[in-house]
Chemist: 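My structure is below; once you've seen it, I'll send some questions.
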2 protein chains.
Amino acid sequence: MSIKCRFCPIRNLPLFSPMTDPELSFMESFKVGEMTIQPNTPILSAGANSPQLFTALKGFGLRYKLLEDGRRQVLSFVLPGDLIGLQAGVMNQMTHNVESTTSMTLCVFNRNELWTLFRNHPQRAYDLTWISASEERFLGEALTAIGQKSALESVCWALARIYRRLESLHMDERRSVPLPYRQQDLADALGLSLVHTNKTLAKLREQQVATWTEGRLTVNDIFALEDMGLVDSQLPQSRPLM
Amino acid sequence: MSIKCRFCPIRNLPLFSPMTDPELSFMESFKVGEMTIQPNTPILSAGANSPQLFTALKGFGLRYKLLEDGRRQVLSFVLPGDLIGLQAGVMNQMTHNVESTTSMTLCVFNRNELWTLFRNHPQRAYDLTWISASEERFLGEALTAIGQKSALESVCWALARIYRRLESLHMDERRSVPLPYRQQDLADALGLSLVHTNKTLAKLREQQVATWTEGRLTVNDIFALEDMGLVDSQLPQSRPLM
DNA sequence: CGTGGCTTTGAGACAGTTCAAACTTCGTGG
DNA sequence: CCACGAAGTTTGAACTGTCTCAAAGCCACG
């Protein structure tokens, strides 16, 4: 039996803006179930028109696009609290893939109810737009990293961003957060080769700024990391959760 | 006196999905005026919290982010029909700049009415989310171009995309569209140097695929251009206009 | 204890950058 | 009407950050 939204394990984090009671009951009807999946399982595929939306509750995933010849661009790392499939939800067409990296628990929503949401819950509709705009803001930053920054700057930017996101999810413990990805995933996110990504990470390790081994990222100096990554804007202190 | 939405010069293009009468009258109240600006005029600035949203009616602009040292990433080319400032509209914070390249005419909306839109016009709210998701889809494609494609592939991708957009705005005439930007703008959009962008354009000219001079782009073979740019998805045949 | 998946290291290659300068166009002012 | 400067494009040539190729090392798992 799936958890009721009012007992959702993550929605009480200070990061997520509170919901009213009517919103909460609507979300409970909007939610059609929970899904637990194995590592490396596809969640949504490019070209598909999925009848479902998801919110990640637990675990880590990837959003990416593939070129015909196999080149892969990772668009973002999917962490708990992230909404998955909004694009297919409103545009009836996915143009990227989403898959799990670790095992994951997902909240499943019925896309057909999306219209009810827009008609009866303007605040939730607003939140959806907020989330979409926020995703857009992030991709703009990523574009700037890949397009303009050096490999070292890009890697610092990415690690700082991820560290801050996990920190606001209270997943940090003594300057360290889980980061169960491969170096290849980061390389594909930043448009760098695996080899060069590896050497750049080695540099950060030597300089005692950040160390990423065995699925954990330890950041000795988050401010140095943010500076080196030319991080400009702060993450919002509060955001809606779907 | 500004034009009423029902007489809007672009909304009757087949590209834009039709609006109902109530929607149309709401839009006329949502719209607070029109603005005509000179070339190279800032429209919205990073960090600002503008009380306004805009829709481009006429003219060309740029969306971009700046790094402290002056490096610039162009996020997108602003064409007629594009909504400007949704990010500030919902998130109260711009993280990029928008400015005109040519002289422009903009439709001006009052951000305070955004809430009325969400409360009373669910279809328009849905459209807003659609637009935001569409922007996100585009940035994902741009990320893939910059991160994974060669300079030649990227340039072809960008020119093909722009050509198709202007074509669907009926701004094409015998395989040619207006493109009043500098090579530097394209270079900054693709994360390439000006020199290399110039040489890549020269190659396309020699190969008789596309020629961009004196503010016009002429495409001899749009299919070849799309192939060379590894363009994957089609632009939607119909989209909402704000 | 062998095999597959991932990380690490070394070294040569090259796509794209940087530097520099010439060329074109166009508006401005003497 | 010509000289001048500013803005953009084009070309050449040297340089370099990052890539590709190659191989070794590490570790978990069957």
Side-chain angles (χ1 to χ4, degrees), chain A residues 38-40 60 62 67 69-74 99 101-103 145-159 179-207 210-218 228, chain B residues 38-40 60 62 67 69-74 99-102 145-159 178-206 210-218 228:
Chain A
Q38 294 303 111
N40 306 307
F60 295 77
L62 284 177
L67 298 183
D69 62 7
R71 280 175 284 178
R72 180 180 75 147
Q73 177 65 44
V74 167
E99 70 177 45
T101 296
T102 65
S103 69
I146 300 187
Q148 305 301 326
K149 297 181 184 177
S150 70
L152 182 61
E153 289 167 339
S154 294
V155 168
C156 290
W157 169 78
L159 294 183
L179 194 62
Y181 297 97
R182 295 166 306 156
Q183 296 186 356
Q184 184 70 65
D185 297 324
L186 182 61
D188 288 347
L190 297 176
L192 298 171
S193 71
L194 170 61
V195 171
H196 199 59
T197 302
N198 178 284
K199 286 172 182 169
T200 306
L201 288 168
K203 203 170 292 180
L204 284 179
R205 212 180 305 132
E206 284 159 25
Q207 296 185 12
T211 305
W212 176 23
T213 11
E214 292 157 41
R216 288 198 76 87
L217 168 68
T218 303
M228 292 172 72
Chain B
Q38 294 304 110
N40 307 308
F60 295 77
L62 283 177
L67 298 183
D69 62 7
R71 281 175 283 179
R72 181 181 73 146
Q73 177 65 43
V74 168
E99 70 177 46
S100 64
T101 297
T102 65
I146 301 187
Q148 305 300 326
K149 296 181 185 176
S150 69
L152 182 61
E153 289 167 339
S154 293
V155 168
C156 289
W157 169 79
L159 295 183
L179 193 61
Y181 296 97
R182 295 166 306 155
Q183 296 186 356
Q184 184 71 66
D185 298 324
L186 181 60
D188 289 346
L190 297 176
L192 297 170
S193 70
L194 170 61
V195 172
H196 198 59
T197 301
N198 178 285
K199 286 173 181 168
T200 306
L201 288 168
K203 204 169 294 180
L204 285 178
R205 212 180 305 131
E206 285 159 24
T211 305
W212 176 24
T213 11
E214 290 158 40
R216 288 197 76 87
L217 168 67
T218 303
M228 292 173 71

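Convention: sequence-line order gives letters A, B, ...; per-chain numbering from 1.
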Chemist: From CG of A:L204 over to P of C:dT8, roughly how many Å is that when rounded to an integer?
Modeler: 12 Å

Chemist: Is the closest side-chain heavy-atom distance between B:L192 and B:L186 below 4.5 Å?
Modeler: no

Chemist: Measure CG/B:L194 against P/C:dA21 and give the value in whole Å, please.
Modeler: 17 Å

Chemist: How many Å lie between CD on A:Q184 and P on C:dT8, as a whole number?
Modeler: 13 Å

Chemist: On DNA chain D, does the nearest nucleotide to B:A202 precede the nearest nucleotide to A:V195 from the 5' side, or the other way round? Give the residue.
Modeler: B:A202

Chemist: Can you check whether A:T218's main-chain N or O pairs, donor with acceptor, with A:T211's side chain at less than 3.5 Å?
Modeler: no

Chemist: To the nearest angstrom, how far is B:L192 atom CG from C:dA15 atom P?
Modeler: 14 Å

Chemist: By the 4.0 Å heavy-atom rule, please label A:G215 as base, sugar-phosphate, or nothing.
Modeler: nothing

Chemist: Under the 3.5 angstrom rule, does the side chain of A:Q183 hit a backbone N or O of A:T197 as a donor-acceptor pair?
Modeler: no

Chemist: Once you round it to whole Å, what is the distance between C1' of C:dC14 and NE2 of B:H196?
Modeler: 11 Å

Chemist: For the side chain of B:T102 and the backbone of B:P39, is there at least one donor-acceptor N/O pair under 3.5 Å apart?
Modeler: no

Chemist: Can a side chain N or O of A:N198 be found less than 4.0 Å away from OP1 or OP2 on C:dT8?
Modeler: yes

Chemist: Is the side chain of A:E153 donor-acceptor paired with the backbone N or O of A:S150 at a distance under 3.5 Å, no angle test?
Modeler: yes

Chemist: Before accepting this row, confirm whether a basic side-chain N of the pair A:D185/A:R72 lies closer than 4.0 Å to the acidic partner's carboxylate O.
Modeler: yes

Chemist: Would you name the heavy atoms of B:Q73 and A:G147 that are closest together and state the gap between them?
Modeler: OE1-CA, 3.5 Å

Chemist: Rounded to the nearest angstrom, tell me the gap between atom CG in A:L201 and atom C1' in C:dT9.
Modeler: 14 Å

Chemist: Chain B on DNA chain D: first and last contacting nucleotide, 5' to 3', under 4.0 Å to a heavy atom?
Modeler: D:dG8 to D:dA13

Chemist: C:dG16 P sits how many Å from A:I146 CD1, rounded?
Modeler: 15 Å

Chemist: Can you tell me how far P of C:dC14 sits from CG of B:L152, to the nearest Å?
Modeler: 18 Å

